[in-house]
Amino acid sequence: MVDLKSQYEKIKTTVDASIQEVLDTTTYINGPKVHEFQKNLEEYLDVKHVIPCANGTDALQIAMMGLGLQPGDEVITADFTFAATVEVIALLQLTPVLVDVDVVNMNISIDAIKKAITPKTKAIVPVHLFGRAANMEAIMRIAKEHNLYVIEDNAQAIGANCKFSDGTKKKAGTIGHVSSTSFFPSKNLGCYGDGGAIFTNDDALAHTIRGIVNHGMYIRYHHDVVGVNSRLDSIQAAVLNAKLPLLDSYNAARQNAARKYSATFEGHKNVIAPYICDICDCHVFHQYTLRIIDADRDALMEHLLAKGIPCAIYYPIPLHSQKAYVDSRYKEEDFPVTNQLVKEVISLPMHTELDDEQIKFITDSVLEFLNR
Ligand SMILES: *Cc1c(COP(=O)(O)O)cnc(C)c1O
């Protein structure tokens, strides 16, 4: 699905030099590279505080701990996403409230959020799924009306823009009260191991979170709150410093590949390609995900795999149907879109190194199956 080797070969000199500096100075933990990356990312995102941590799942958990959410508080999130989102809600003994998604952008449905709000609701967690920014303007409006926190799960959409009706744009992950991201190797900004970060514009919350990631310490060996140990290591920060200046070009390469894929599928009766907006960068294509209509999606997947084309189903099972998260409050009729999408979606290879020949081979193979 991704080609990390070709990408590394192009940036080897800078990345290797950056890693070598860490080795030469033996500043493996909380070294200057981590601080440098924090500053660089704050500037790139135009956000006041970036707090690096160990991975994207920790980032979500720590964001929720920072907000002081308490057992029993209801947290609304999307039924169609990676399990990490709901996992941390459950782990903190908060009550997950899964809701359906929108059929066009596959992100959390605004109407479904409104219907799910109760007096116990404390937060909404939109996920910018597959790289497309959720409708943050509507979500922030609802949150304000009901006095709720918004935690953006930005693991898949770093660098994407959210557009507002007054014409302004802000980076995904800088609009809610707090956000999380992941630097897992295959993410749009990936390191060479695990990594993550939390973003916020709130000074007090940033202070709280900086203590939580470090065993609840604000003064050395004074543990004021229950914390965790979650650090981005210096070698990963070195890789990220080398790659951050390339993020916009990486996202542009993904968008370019997406445009070429979509041009081929345009008008095909069995394919709904992702909608591409040309006036903003609201979709940075962490995944390029098609919906296959009135054709055998699973047989198409077999066909592509047999030809050596990697492809995957993100995600095959709605979260509300997962054993760990089943709940008698959920009714199947509350999730018509997710239940439909899990049967239709297929993600094609998407990364920064796709060339025209590869794209043609992939699209020809999809069409060969659908047109036979
Ligand atoms: C990848 C991902 C995460 C978790 O990130 P890790 O760094 O793997 O812990 C969380 N949410 C979403 C939507 C993701 O895609």
Side-chain angles (χ1 to χ4, degrees), residues 1-2 4 37 41 50-65 75-92 94 96 98-99 101-102 105-108 123-134 136 139 150-160 162 172-173 176 178-199 213 228-233 235-237 239-240 243 251 254 283-289 312-319 322 324-325 338 341-342 345 347 350-351:
M1 292 296 280
V2 296
L4 295 175
F37 173 63
L41 190 57
V50 165
I51 302 114
C53 67
N55 58 66
T57 310
D58 274 10
L60 266 172
Q61 178 186 328
I62 294 159
M64 288 177 203
M65 289 168 77
V75 179
I76 298 173
T77 195
D79 189 33
F80 189 58
T81 175
F82 181 56
T85 325
V86 68
E87 179 178 80
V88 300
I89 298 172
L91 202 61
L92 293 172
L94 313 174
L98 295 167
V99 302
V101 295
D102 180 273
N105 65 23
M106 301 189 192
N107 282 319
I108 195 163
I124 307 169
V125 186
V127 183
H128 303 297
L129 197 73
F130 301 148
R132 188 195 296 282
M136 289 306 294
I139 292 168
V150 175
I151 305 154
E152 293 172 73
D153 181 345
N154 197 30
Q156 302 190 358
I158 196 155
C162 292
V178 60
S179 308
S180 61
T181 201
S182 165
F183 306 121
F184 185 80
S186 63
K187 301 282 156 108
N188 290 38
L189 178 62
C191 59
Y192 295 168
D194 273 310
I198 302 141
F199 321 142
V213 298
V228 295
N229 171 26
S230 189
R231 296 184 283 241
L232 179 71
D233 73 68
I235 290 182
Q236 301 311 331
V239 173
L240 291 165
K243 288 180 75 174
N251 284 341
R254 287 169 178 273
H283 198 335
V284 291
F285 290 93
H286 175 58
Q287 298 297 344
Y288 181 84
T289 304
I313 311 302
Y314 301 120
Y315 295 94
I317 305 169
L319 289 177
Q322 297 282 0
Y325 305 111
T338 304
L341 289 177
V342 295
V345 289
S347 298
M350 175 49 80
H351 54 83

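Atoms within each ligand, like the ligands themselves, are counted from 1 in listed order.
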(message) For His286, state whether at least one heavy atom is located under 4.0 Å from any atom of ligand 1.
(response) no
(message) Would Gly56 count as a polar contact of ligand 1, with the cut-off being nitrogen or oxygen pairs under 3.5 Å?
(response) yes
(request) Identify the heavy atoms of His128 and Glu152 that sit nearest to each other, and give their distance. (result) NE2-OE1, 2.8 Å
(request) Determine the minimum heavy-atom distance between Gln236 and Asp194, stating which atoms define it. (result) CG-O, 3.7 Å
(request) Mark up the atoms of ligand 1 that fall under 4.0 Å of a heavy atom belonging to Ala84, in ascending order. (result) 10 (C)
(request) Consider every N or O of Lys187 and every N or O of ligand 1, then say whether any pair is closer than 3.5 Å. (result) yes
(message) With respect to Tyr315, determine whether any N or O atom, backbone or side chain, lies less than 3.5 Å from an N or O atom of ligand 1.
(response) no
(request) Can you sort out which atoms of ligand 1 are near Asn55, meaning under 4.0 Å from one of its heavy atoms? (result) 7 (O), 9 (O)
(request) Answer with yes or no after comparing the ring centroid distance for Tyr192 and Phe184 against a 6.0 Å cut-off, counting only values under it. (result) no
(request) Number the atoms of ligand 1 from 1 as they appear, then name those within less than 4.0 Å of a heavy atom of Ala155, with their elements. (result) 2 (C), 3 (C), 10 (C), 11 (N), 12 (C), 14 (C), 15 (O)
(request) Using only heavy-atom distances, determine whether the side chains of Thr85 and Thr77 contain a donor-acceptor pair under 3.5 Å. (result) no
(request) Give me the ring orientation class for Tyr315 and Phe80: parallel if the planes are under 30° apart, tilted from 30 to 60°, perpendicular past 60°. (result) perpendicular
(request) Mind checking whether Val127 contacts ligand 1 via backbone (N, CA, C, O), side chain (CB onward), both or neither, at a 4.0 Å heavy-atom cut-off? (result) side chain
(request) Locate the shortest heavy-atom distance separating His351 from Val2; write the atom from each residue and the value. (result) CD2-CA, 3.6 Å
(message) Quick check: Asp153 and ligand 1, any N/O pair under 3.5 Å apart?
(response) yes
(message) Under a plain distance cut-off of 3.5 Å, with no hydrogens placed, do Asn154 and Thr181 share a side-chain donor-acceptor pair?
(response) no
(request) Starting from atom 9 (O) of ligand 1, locate the nearest protein heavy atom and write down its residue, its atom name and how far away it is, to 0.1 Å. (result) Thr57 OG1, 2.5 Å
(message) If I compare all heavy atoms of Ala197 with all of Cys53, which pair ends up nearest, and what's the gap?
(response) N-SG, 3.8 Å
(message) So for ligand 1, is Gln156 a polar contact partner (N or O within less than 3.5 Å, distance only)?
(response) yes
